Amino acid sequence: MMTLTLPQLRAWLSAFARDVLDDHDRLNALDAATGDGEHGSNLARGAAAIQDALAEDRDEDIATLLRSVGMAIVNSVGGASGALYGTLFLRLSDHGSGRDAWSTNDLHAAFGDALRAMCELGRVREGDRTLIDALAPAVAQLSTHRDAPVAESCEAAALAAAAGAQRTAQLKPRAGRGAYASGRAGGHVDAGAASMSLLFAALSRATCA
Amino acid sequence: MMTLTLPQLRAWLSAFARDVLDDHDRLNALDAATGDGEHGSNLARGAAAIQDALAEDRDEDIATLLRSVGMAIVNSVGGASGALYGTLFLRLSDHGSGRDAWSTNDLHAAFGDALRAMCELGRVREGDRTLIDALAPAVAQLSTHRDAPVAESCEAAALAAAAGAQRTAQLKPRAGRGAYASGRAGGHVDAGAASMSLLFAALSRATCA
Amino acid sequence: MQKFMRTADTAVSDYLHGLARAHPDLIRYDPERGIVVRAEAGAPKVAIVSGGGSGCEPLHTGFVGQGMLDAACPGSVFSSPVPRQIVAATQTVDQGHGVLYVVTNYGGEIMNFGLAGEILGREGHEIEKVVVDDDVALDGDLRHLRRGMGATVLVEKLAGAAAESGAPLDEVAAVARRTVQRSRTFAVALGPCVHPSTGSPAFELPAGQMEVGVGLGGDRGLSREPLPPADAVAEALVERAVAELSISDGARVIVLLSGLGGTPELELVGLFGHVHTALERRGAAVERSLVGNYVTSLESPGAQLTVLHTDDELTRYWDAPVRTRALRWGAPA
Amino acid sequence: MQKFMRTADTAVSDYLHGLARAHPDLIRYDPERGIVVRAEAGAPKVAIVSGGGSGCEPLHTGFVGQGMLDAACPGSVFSSPVPRQIVAATQTVDQGHGVLYVVTNYGGEIMNFGLAGEILGREGHEIEKVVVDDDVALDGDLRHLRRGMGATVLVEKLAGAAAESGAPLDEVAAVARRTVQRSRTFAVALGPCVHPSTGSPAFELPAGQMEVGVGLGGDRGLSREPLPPADAVAEALVERAVAELSISDGARVIVLLSGLGGTPELELVGLFGHVHTALERRGAAVERSLVGNYVTSLESPGAQLTVLHTDDELTRYWDAPVRTRALRWGAPA
Ligand SMILES: Nc1ncnc2c1ncn2[C@@H]1O[C@H](COP(=O)(O)OP(=O)(O)O)[C@@H](O)[C@H]1O
Ligand SMILES: Nc1ncnc2c1ncn2[C@@H]1O[C@H](COP(=O)(O)OP(=O)(O)O)[C@@H](O)[C@H]1O
Ligand SMILES: [Mg+2]
Ligand SMILES: [Mg+2]
Ligand SMILES: [Mg+2]
Ligand SMILES: [Mg+2]
């Protein structure tokens with residue numbers, strides 16, 4: 001496929017919500033390894049909010065859908081991840097006004113914008129062992145595949161996000177609750193990076209279909 | 001021996017104190033089975049107080065020694081057992097004024113008096129699963145052996161106290177903290193009956209020596 | 001053992017030293033005599049004295065101060081005080097208007113306050129005793145063993161206020177007895193406490209189970225049941241606590257929901273909401289309430305519900321100023 | 001799971017409903033908007049708003065009332081509130097004299113109060129923020145992550161008193177910042193808490209071990225050490241808490257020793273006695289103190305020590321009347 005259509009976008013969000021609900025115990029357990037053990041429960045509230053937003057959406061444009069998803073997440077998840085995931089979708093929505101499809105180039109611009117906003121909000125960089133470590137390599141792949149069909153670029157982004165998440169197991173946390181037990185954290189994948197790689201995996205599946 | 005002499009009395013008290021300190025964990029465990037698990041710790045304070053009283057005693061008469069032991073127990077042990085054991089020694093002391101030896105008959109009168117006072121104070125009877133169930137059969141043996149040498153009568157009293165304590169395992173508690181869990185208490189010897197049988201075992205050893 | 005303490009033997013005296021340092025304006029601790037007394041006696045009045053095994057804090061030491069206790073006699077952990085303490089407390093706080101002993105219905109407390117009262121009666125002190133036995137868990141042929149639980153706080157508050165108002169000893173005692181008669185308590189535990197001397201849990205409770213009808217000091221309950229949702233726990237607590245009170249439409253109640261020490265505020269206050277609903281469903285009007293750790297059993301997770309069927313006089317004494325570590329209202333500073 | 005609750009999802013709202021029923025005179029709970037506000041606004045003044053993950057009660061909801069917070073925004077257990085709550089609280093309590101946000105230094109709190117502040121700034125609300133980061137456990141390249149702990153209570157009390165005195169927003173904010181600068185906290189845990197959603201302990205701690213330098217919410221500490229006697233624990237707490245304060249002979253301090261939720265009063269007050277001794281040994285004069293469960297982590301056994309190097313102005317604000325669920329002095333009723 002050359003573009004991500006509005007129905008695919010809905011399929012993506014719906015799949016992400018389901019995957020988060022399915023994986024919610026694993027995300028809690030990953031968070032528990034260094035943090036307070038509720039990343040899965042937090043995002044599960046977000047998943048429910050996404051489902052509500054999808055049910056209420058009138059199929060106007062990409063911006064309207066993503067904006068309502070972003071607001072729903074910001075105002076239901078709480079914690080660091082709620083502000084960050086909410087900001088992600090709100091920034092994406094800024095690029096969807098009047099649009100019912102996105103090229104890879106559009107996706108790259110939107111996710112790149114979101115990445116910058118999230119780093120600023122969280123006061124983090126790549127390498128601090130956060131969800132940024134899954135998001136940043138995915139954005140890099142979108143950049144490399146800027147002119148490729150979305151199915152191809154999103155598959156590459158999903159692989160990069162998954163690999164980035166895996167690599168967090170070797171990183172020393174420098175932000176979020178994980179950093180508190182820094183000296184004793186090693187070996188576990190960062191919870192937020194794990195959920196972020198679910199987001200790109202769902203995107204890849206939605207664009208293949 | 002026909003009588004219990006003052007040195008034997010000191011030996012008795014000293015042995016009882018040592019036995020309580022040695023057995024203090026077992027007494028706690030017995031109390032824990034139905035009560036609050038500190039009968040051993042409570043009596044351990046009493047044992048220390050007995051040792052202090054023995055160290056300070058000037059060998060005047062039986063009354064003076066037993067009175068200071070009774071007061072020391074009353075004011076150091078606390079709980080039900082402190083009041084009861086304290087009362088026991090205070091009542092015994094009432095029978096020792098100006099005396100430096102006791103016959104079995106004297107012992108019987110003194111312990112009988114103590115038994116009555118303790119039942120009144122604790123508002124209990126034999127069969128309520130308390131230390132009375134070790135004390136009462138011992139007093140009965142002192143009565144039976146009223147004219148026998150103290151070594152013989154005290155041996156019988158000690159056997160009766162031990163058997164009485166054993167029997168408490170079959171009794172339904174009707175006083176003390178043990179009664180609270182009444183329905184589910186069965187099978188354990190009452191802690192206070194166990195410590196009371198230590199008292200008569202020590203008495204028997206002291207009168208044999 | 002996971003406890004902040006030096007040794008089991010010093011746990012109580014370390015607590016009392018800490019208490020005196022935390023509240024020099026309220027209390028004095030006399031380590032020689034093992035008693036806690038009000039820092040300032042205030043105007044002459046009937047004195048209120050209580051005491052009991054330690055480990056149930058803030059009972060009784062945390063209730064010494066204006067409008068409540070004049071002295072408290074703390075025993076060892078879960079063991080009653082000894083007569084010497086009670087005698088010393090009485091001699092210190094008796095201002096010649098008589099002394100009320102608030103005695104919880106445990107063998108140790110009954111006997112030791114009894115022995116002290118005998119000694120002191122001979123010295124000319126005028127002493128009244130009220131025995132608190134609000135625990136409804138025990139019934140039938142065990143009824144005489146009903147333990148003193150949460151109502152102890154209510155008795156100390158209301159008798160304290162009556163004394164502060166200048167009422168004579170017989171009236172103060174009458175207020176205390178009326179409070180006992182009109183109060184009932186029922187308690188459940190979700191786990192044991194650990195006695196500092198032994199270091200082992202008072203009982204084993206499998207996960208998902210609740211010990212029903214417990215007392216203090218790690219006493220087991222009457223039965224063990226699967227732990228239901230909090231609204232059902234509240235319903236059970238209310239059912240048992242009000243059964244013997246004449247609670248019908250419009251009955252005015254004062255409610256104390258005390259944690260046993262280890263239950264977090266989040267759960268306890270949440271439970272109170274359900275208790276409130278269950279009481280209102282029965283037509284009771286919750287006139288005053290108190291939710292927190294007031295009568296505890298070391299770190300036990302659990303809760304006890306005390307309901308007092310109040311009236312104008314009792315509510316007036318409830319509202320009267322109090323200034324202690326654990327209760328504080330209506331009185332400046 | 002050994003908890004009084006209906007479901008993990010209703011635990012916080014059940015708590016809030018219960019709180020409102022326990023304190024109708026002090027607070028209102030708005031379930032639609034998920035906020036707790038003062039029952040009576042009082043005279044116009046700077047408004048103080050805070051909020052944070054639930055599970056740390058009485059923080060912040062228990063500090064809403066006269067002389068402290070005007071509104072609190074409780075998040076889910078150990079998760080910060082969401083902007084909608086903060087926006088609603090601000091709109092409700094802003095009386096036109098500006099609003100101070102007391103924000104603990106956790107990513108979630110910082111970001112969500114940040115987002116709310118951005119939205120509201122555009123609506124014309126005048127907002128100042130003070131970030132509380134009193135936790136000395138984190139240092140070096142982790143210093144920017146220092147968590148908001150016990151000093152949060154002090155900031156809310158002192159800023160609340162400044163606001164009540166009629167001071168303008170910049171002065172109230174200055175009092176709050178000065179309190180942060182002059183406060184340090186160090187905490188240890190003797191066991192984990194259990195998150196209601198997961199039902200499993202936040203960490204495993206072998207018996208006889210202590211987790212040193214913990215935060216809230218079941219955060220692990222910096223290290224794990226054998227649990228020493230309480231006087232040595234106190235020494236370690238004091239050593240770390242005062243290291244960055246200029247405590248020399250005659251330094252005046254206000255001390256908060258808060259249990260983490262599961263530590264019994266007997267132990268906590270005993271520990272305070274040793275803390276007091278350790279502070280005096282360093283020449284500090286303990287001018288005021290507060291000992292109890294004020295900033296907790298559900299049922300965690302443990303304690304945190306906060307030391308504030310006070311001065312005339314801060315002590316005066318400390319003594320000013322306060323009337324909330326958890327702090328109450330100087331104010332009638
Ligand atoms: N400052 C931050 N910047 C970027 N990501 C962060 C930051 N803080 C936390 N995170 C991410 O959020 C995840 C935790 O989310 P969650 O558990 O929901 O929130 P909280 O940390 O508030 O408990 C972490 O695993 C990390 O990936
Ligand atoms: N009312 C009573 N009358 C006689 N003996 C009692 C009574 N109450 C308790 N006891 C005895 O005391 C023992 C418990 O003593 P202890 O544990 O020291 O005191 P407490 O029961 O106050 O914790 C019981 O095992 C029982 O033998
Ligand atoms: Mg988390
Ligand atoms: Mg006992
Ligand atoms: Mg006892
Ligand atoms: Mg969190």
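Predicted, not measured: the structure shown is a model, and the values here were computed from it. Residue numbers begin at 1 in each chain, while the letters A, B, ... track the order of the sequences.
- Annotation for C:Q2: atom CD counts as buried by contact number, over 12 foreign heavy atoms lying within 6.0 Å.
- The OG1 atom of C:T198 lies 9.5 Å from the CD atom of B:E38; values are rounded to the nearest 0.5 Å.
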key: Test log, rule side-chain contact (heavy atoms from CB on, under 4.5 Å), inputs B:R123 and C:I110   = CA-CA 10 Å; B:R123 296 187 204 152; C:I110 296 283; 3.8 Å; yes
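- No side-chain donor-acceptor contact under 3.5 Å links C:N112 to the backbone of B:A80.
- At a heavy-atom separation below 4.5 angstrom, chain B is approached by C:S76, C:V77, C:F78, C:S79, C:S80, C:P81, C:V82, C:P83 within residues 73-83 of chain C.
- Heavy-atom distances place both the backbone and the side chain of C:D141 under 4.5 Å from chain B.
- Within a 6.0 Å sphere centred on CZ of B:R205, other residues, nucleotides and ligands contribute more than 12 heavy atoms.
- Heavy atoms of B:N75 lying under 4.5 Å from chain C belong to its backbone as well as its side chain.
- Proximity to chain B is limited to the side chain of C:L115, based on heavy atoms less than 4.5 angstrom apart.
- Around CD of C:E204, the count of heavy atoms belonging to other residues, nucleotides or ligands within 6.0 Å does not exceed 12.
- If you measure heavy-atom distances from B:V77 to chain C, the contacts under 4.5 Å come from the backbone alone.
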request  = Would you check, one step at a time, whether the test side-chain contact (heavy atoms from CB on, under 4.5 Å) holds for B:D36 with C:H195?
outcome  = CA-CA 8 Å; B:D36 52 1; C:H195 196 290; 5.7 Å; no
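- The two residues B:L84 and C:M111 make their nearest non-hydrogen contact at CG-SD, 3.7 Å.
- Your options are B:G40, B:G78, B:S81, and the one with the most heavy-atom pairs under 4.5 Å with chain C is B:G78.
- Side chain of C:R84 to backbone of B:S76: no donor-acceptor contact under 3.5 angstrom is found.
- Using a 4.5 Å heavy-atom cut-off against chain C, the contacting residues of residues 95-121 of chain B are B:L121.
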